Amino acid sequence: MCSSSTWPKAVSGRCKASGSLAQDGMSSEEEFKDLIALENHLIVRPHADEAIYVGRLTARGSRVFYFYTADPGSLARDVKAAMEQHPAYQYQINSHADPEWSAYLRSTIATTAGRNAGAGSACLLRLLLSV
């Protein structure tokens with residue numbers, strides 16, 4: 001059984017856009033490709049089975065990658081190694097206890113509030129964790 005208690009610590013990696021932004025504050029098409037390559041490095045990392053990648057949020061010239069784990073130190077080292085493969089980006093890694101995954105749920109709900117999907121996202125996450 002998979003549950004949020006398996007991964008009680010939140011780890012986020014934030015990177016600032018390295019190039020120009022589109023009118024809507026999102027990354028340009030060229031930078032989008034670079035960010036996808038970075039995301040792929042974050043997903044396929046040495047200790048991928050010790051954490052869960054739950055998603056990303058892009059806004060105001062930054063992209064934040066969200067993970068949950070029991071060992072934030074190991075995950076932070078993996079994130080740092082992936083980020084160092086993309087030296088054009090300044091990055092910051094944060095971690096904190098979050099056994100209810102509230103940081104991720106708040107981000108998801110905040111970005112989907114105008115589309116009435118926030119409650120659905122929280123419900124979906126809880127269903128996935130109960131499998």
Side-chain angles (χ1 to χ4, degrees):
M1 178 182 210
C2 172
S3 74
S4 60
S5 63
T6 305
W7 300 296
K9 306 274 174 52
V11 175
S12 62
R14 174 185 302 270
C15 65
K16 296 274 187 192
S18 65
S20 61
L21 300 175
Q23 286 285 72
D24 61 2
M26 302 296 275
S27 54
S28 65
E29 183 66 31
E30 180 180 317
E31 185 157 33
F32 177 76
K33 292 175 185 175
D34 292 339
L35 288 168
I36 292 299
L38 169 58
E39 183 173 17
N40 289 336
H41 280 118
L42 290 167
I43 293 169
V44 182
R45 58 189 192 286
H47 304 101
D49 60 336
E50 297 174 12
I52 186 169
Y53 173 61
V54 294
R56 69 176 190 254
L57 174 64
T58 305
R60 293 183 219 115
S62 291
R63 179 166 284 187
V64 182
F65 302 95
Y66 292 96
F67 300 86
Y68 281 86
T69 185
D71 182 3
S74 176
L75 178 59
R77 286 186 294 277
D78 284 354
V79 171
K80 181 177 186 254
M83 294 300 296
E84 287 173 347
Q85 293 181 33
H86 300 270
Y89 295 103
Q90 297 176 346
Y91 67 93
Q92 178 182 351
I93 300 170
N94 296 306
S95 67
H96 64 278
D98 187 13
E100 299 299 317
W101 291 28
S102 58
Y104 173 68
L105 291 173
R106 270 194 315 272
S107 305
T108 303
I109 291 168
T111 59
T112 58
R115 293 175 273 178
N116 294 325
S121 296
C123 181
L124 178 60
L125 180 60
R126 287 186 181 93
L127 285 171
L128 289 171
L129 290 171
S130 67
V131 175

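Keep in mind that this is a model prediction, so the values were computed, not measured.
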Give the cluster check for I43 versus L38: same hydrophobic cluster or not, with ILVMFWY residues linked at side-chain heavy-atom distances below 4.5 Å.
yes
Restricting to non-hydrogen atoms, name the atom on S102 and the atom on Y68 that form the minimum distance, rounded to 0.1 Å.
N-OH, 4.4 Å
Atom CD of Q90 with >12 non-hydrogen neighbours under 6.0 angstrom:
no
Between Y91 and M83, which heavy-atom pair has the shortest distance, and what is it?
CB-CE, 3.1 Å
Verify same cluster id: V54, W7 (apolar side-chain graph, 4.5 Å)
yes
Which of these passes side chain to side chain donor-acceptor pair (under 3.5 Å) with Y89: K16, E31, R14?
E31
Over 60° means perpendicular and under 30° means parallel, so tell me whether F67 and Y53 are parallel, tilted or perpendicular.
tilted
Straight-line distance of E50 CD to R45 CZ, nearest 0.5 Å:
8.5 Å
Nearest heavy-atom neighbours spanning R56 and F32:
NH2-CE1, 4.3 Å
Treating Ile, Leu, Val, Met, Phe, Trp and Tyr as nodes and any side-chain heavy-atom pair under 4.5 angstrom as an edge, say whether L42 and I93 lie in one connected cluster.
yes
For A103 and D98, which heavy atoms make the closest approach, and how far apart are they?
N-OD2, 2.9 Å
For A97 versus K9, what's the shortest heavy-atom pair and its separation?
CA-CD, 3.9 Å
Are side-chain heavy atoms of H86 and L35 found at a separation under 4.5 Å?
no
Would L57 end up clustered with I52 when hydrophobic side chains under 4.5 Å apart are linked, directly or stepwise?
yes
